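Have a look at the structure below, then the notes.
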Amino acid sequence: MKFLEKITGSKMTKEWKTLSKRAEELPLEYQLAWEEISATFWAHSGTTSQKIINILDSVLGLLEESVSEGLSIEEVLVEDVEGFCSVILREEGAKSYQDKWHEQLNHTIAKKLSK
């Protein structure tokens, strides 16, 4: 990998474009859910971008499989995108910004108490 690619993240951009093209092939209700899921993951996750891309790839695979099985998006997400995303991120071990802030606060307090 070239230095410039490391800096600009062009590999992740290509991966994201590939995911987006796959998502465009989903039925409309799934596409709308995909947009909401991906926006939620990017906005609420304090984990690395590559990890989010990997998780989103798995989620998109789940959506594609659900389409092939004839399931409605409500059956897959149970009408709770936030909850769905939260469970997925927790299972993958990804930390949210809130988790990171919580750890930082605990560390700061413990440091002050130990003095």
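Just so it is clear, the model here is predicted, and its values are computed rather than measured.
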Positive for side chain to side chain contact (heavy atoms under 4.5 Å, CB included) with Tyr30, one of Leu26, Leu28, Leu32:
Leu26

Rounded distance [0.5 Å steps], CD in Glu36 versus CD1 in Ile73
10.0 Å

CG (Leu63) and CD (Glu25) are apart, to the nearest 0.5 Å, by 13.0 Å

State yes or no: do Val59 and Leu71 share one hydrophobic cluster built from I, L, V, M, F, W and Y residues joined by side-chain heavy-atom distances below 4.5 Å, directly or via other members?
yes

Rounded distance [0.5 Å steps], CG in Leu56 versus CG in Leu62
12.0 Å

Only pairs at least two apart or in different chains count here, so list each salt bridge (charged side-chain N to carboxylate O under 4.0 Å, His left out) that has a residue in residues 61-70.
Arg22-Glu64

Gap separating the OG atom of Ser66 from the CG atom of Leu77, nearest 0.5 angstrom
8.5 Å

Between Ile37 and Phe84 the two heavy atoms that sit nearest each other are CD1-CE2, 4.0 Å

Please enumerate all residues that pass side chain to side chain donor-acceptor pair (under 3.5 Å) together with Asp80, with sequence neighbours excluded.
none

Closest non-hydrogen contact found for Leu60 with Leu19 is CD2-O, 3.4 Å

If every non-hydrogen atom of Glu75 is compared with every non-hydrogen atom of Ser72, which pair is closest and at what distance?
OE1-N, 2.8 Å

Shortest non-hydrogen separation from Gln31 to Glu24 and the atoms involved
NE2-O, 2.9 Å

For the atom pair NE2 (His107) and CD1 (Ile109), what is the distance rounded to the nearest 0.5 Å?
11.5 Å

